[in-house]
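What follows is a single structure, written as structure tokens, with notes after it.
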Amino acid sequence: MIDLKNIRKSFGSLEVLKGIDLHIDKGEVVSIVGPSGAGKTTLLQIMGTLDRPDSGSVVVDSVDVSSLKQKKLSDFRNLHVGFVFQFHQLLPEFTAIENIMIPAFIAGKSPKEAKQRAMELLDFMALSDRATHKPNELSGGEKQRVAVARALVNNPAVILADEPSGSLDTKNKTELHQLFFDLRDKFGQTFVIVTHDEQLASITDRTIHMKDGRIEEV
């Protein structure tokens, strides 16, 4: 599903990633943990094609994304990679269903097709009755579930999540973590999750430990 080989990345004189080799299988729920400054988010951004490594190869869903030009890279990202962030990043002027539909429109889906898929996801998230609510009318847990639905709307190969439960209370955090496994079990969805949450890391299929730009153990 994802293959990273000898990934190196520097910002100025600071080497953030120092030769990362990593393989993620389809249907895995993998957590990446480590202290601040370990390179976790940079690695996730490279995995998700939001940033390019200085050297090394990145293969996602059998495509060598290292060789793609910017336009094809953007198209690939939209169709094959879903993102969930700590602070949901929903657009405040749009309703829940409209926020979910946006990536589908970018991918060229028809309004009918996009709406049908968005409603299917809202139903799965038990949020059908919140479809026409704007973000300021949703709870923190509801907003994050809408963000997960948005990430799923184009049936991506992998969901990349950066501290997805970091802003949630204990109850919503537990529900969100369970949602990841429900999605894996029902749809075979692959998740790579950067987290400081020890409870989440303890229940994932595999935990990647990073320190000082390197993987300590896999």
Side-chain angles (χ1 to χ4, degrees), residues 1-4 7 17 20-48 50 60-61 80-90 100 120-127 130 138-218:
M1 170 57 66
I2 299 176
D3 270 302
L4 307 179
I7 299 298
L17 299 177
I20 298 288
D21 293 309
L22 181 62
H23 176 78
I24 307 291
D25 285 322
K26 179 176 172 52
E28 267 196 301
V29 179
V30 176
S31 56
I32 302 178
V33 302
S36 296
K40 306 183 299 297
T41 294
T42 300
L43 181 63
L44 200 73
Q45 289 173 338
I46 287 173
M47 214 179 291
L50 293 172
V60 180
D61 203 20
H80 295 266
V81 185
F83 296 93
V84 179
F85 304 98
Q86 179 174 351
F87 299 103
H88 51 81
Q89 308 290 358
L90 300 178
I100 295 168
E120 287 173 357
L121 290 166
L122 280 168
D123 186 55
F124 185 82
M125 307 284 174
L127 289 173
R130 312 297 274 169
L138 303 173
S139 70
E142 288 171 339
K143 284 186 275 199
Q144 200 60 307
R145 278 184 282 158
V146 170
V148 173
R150 178 184 58 189
L152 287 163
V153 72
N154 287 332
N155 297 304
V158 61
I159 299 288
L160 304 179
D162 194 356
E163 298 288 357
S165 56
S167 63
L168 301 179
D169 60 28
T170 302
K171 178 179 181 294
N172 283 307
K173 189 178 292 190
T174 301
E175 290 177 355
L176 182 69
H177 296 169
Q178 184 57 50
L179 176 62
F180 294 151
F181 289 93
D182 291 345
L183 289 165
R184 188 273 299 277
D185 294 343
K186 185 170 178 64
F187 301 114
Q189 188 63 59
T190 307
F191 285 89
V192 182
I193 308 165
V194 164
T195 185
H196 282 103
D197 191 298
E198 294 179 3
Q199 189 269 338
L200 173 57
S202 71
I203 61 174
T204 55
D205 300 323
R206 189 156 51 109
T207 301
I208 310 298
H209 296 266
M210 288 189 68
K211 185 177 180 181
D212 299 328
R214 293 187 172 90
I215 291 176
E216 286 194 307
E217 56 182 274
V218 178

Taking C-beta and beyond as the side chain, do His177 and Asp197 meet within less than 4.5 Å on heavy atoms?
yes

State, yes or no, whether a side-chain contact exists between Thr204 and Val30 at a heavy-atom distance under 4.5 Å.
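Contact flag for Thr204/Val30 side chains = no.
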
Stepwise side-chain contact (heavy atoms from CB on, under 4.5 Å) check, Ile32 with Val194
CA-CA 5 Å; Ile32 302 178; Val194 164; 4.1 Å; yes

[X] side chain to [Y] backbone, donor-acceptor under 3.5 Å:
X      : Y      : value
Glu142 : Leu127 : no
His23  : Ile2   : yes
Arg150 : Gln89  : yes

Among Thr190, Val148, Val29, find the residue that satisfies the side chain to side chain contact (heavy atoms under 4.5 Å, CB included) test when tested with Leu183.
Val148

Option from Leu160, Val153, Ile159 for which side chain to side chain contact (heavy atoms under 4.5 Å, CB included) with Pro156 holds
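Exactly one pass, corresponding to Ile159.
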
Does Lys171 have any salt bridge (charged side-chain N to carboxylate O under 4.0 Å, His left out) partners at least two apart in sequence or in another chain, and if so, which?
Glu175

My understanding is that only residues two or more places apart in sequence, or in another chain, count here; which of them pass salt bridge (charged side-chain N to carboxylate O under 4.0 Å, His left out) with Glu28?
Arg206

Contacts of type side-chain contact (heavy atoms from CB on, under 4.5 Å), residue Lys211, not counting sequence neighbours:
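If we apply the side-chain contact (heavy atoms from CB on, under 4.5 Å) test to Lys211, skipping adjacent residues, the hits are Glu216.
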
Quick one: ring-ring contact (aromatic ring centres under 6.0 Å, His included) partners of [X], sequence neighbours excluded?
X      : value
His80  : Phe76
Phe180 : Phe191
Phe187 : Phe124

Under the criterion side-chain hydrogen bond (donor to acceptor under 3.5 Å, both in side chains), which of Arg184, Lys186, Gln178 is the partner of Asp182?
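Single pass found, and it is Gln178.
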
Nearest 0.5 Å please: distance from the CD1 atom of Ile100 over to the CE atom of Met125.
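So the CD1 of Ile100 and the CE of Met125 are separated by 7.5 Å.
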
To the nearest 0.5 Å, what is the distance between OG1 on Thr195 and NZ on Lys40?
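Rounded to the nearest 0.5 Å, the OG1-NZ separation comes out at 9.5 Å.
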
Least distance between heavy atoms, Val84 atom then Pro164 atom
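Nearest pair, atom of Val84 first, then Pro164: CG1-CB, 4.0 Å.
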
